[in-house]
Visitor: 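My questions will all concern the structure given below.
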Amino acid sequence: MTVSDHQRRRIWTELMTRISPQHMPLASAYLCQDCNSIGNCSWQCPACASGALMGLANVLNRDCDERAQISYARVSTLAA
């Protein structure tokens with residue numbers, strides 16, 4: 001008995017709706033730049049085994065320091 005792609009997708013969708021949401025602290029979240037997956041391993045993507053990872057805390061951290069904020073209205077533009 002073979003399972004068609006349509007049946008496989010339906011089964012996967014049903015399975016994903018039953019899985020509970022996962023929680024991961026921002027400090028341990030890494031974005032794979034090859035497959036756009038997020039994981040908590042800092043040396044290898046759990047989805048594609050790539051090493052091209054970016055720590056999301058560096059990009060998305062919301063700790064605001066008034067001294068570090070930039071007013072983009074006053075920043076001059078750079079021309080290539």
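Small disclaimer: the values here were computed from a predicted structure and weren't measured. The figures here come from the full heavy-atom set of this structure, side chains too, leaving out hydrogens, waters and symmetry mates.
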Visitor: Mind checking who shares a hydrophobic cluster with Trp43, ILVMFWY linked at side-chain heavy-atom distances under 4.5 Å?
Guide: none

Visitor: Does Ser37 have any side chain to side chain donor-acceptor pair (under 3.5 Å) partners at least two apart in sequence or in another chain, and if so, which?
Guide: none

Visitor: Applying side chain to side chain donor-acceptor pair (under 3.5 Å), name anything that partners Asn40, two or more places apart in sequence or on another chain.
Guide: none

Visitor: Where is the tightest heavy-atom contact between Pro46 and Gly39, given as atom of each residue plus distance?
Guide: CG-CA, 4.1 Å

Visitor: Using the rule that Ile, Leu, Val, Met, Phe, Trp and Tyr join whenever any side-chain heavy atoms are under 4.5 Å apart, tell me whether Met24 and Tyr30 fall into a single cluster.
Guide: no

Visitor: Under 3.5 Å, which donor-acceptor pairs link side chains of residues 51-59 to any protein atom two or more places apart or in another chain?
Guide:
none

Visitor: Going by the rule side-chain contact (heavy atoms from CB on, under 4.5 Å), which residues pair with Asp5 if we only count those two or more places apart in sequence or in a different chain?
Guide: Arg8, Arg9

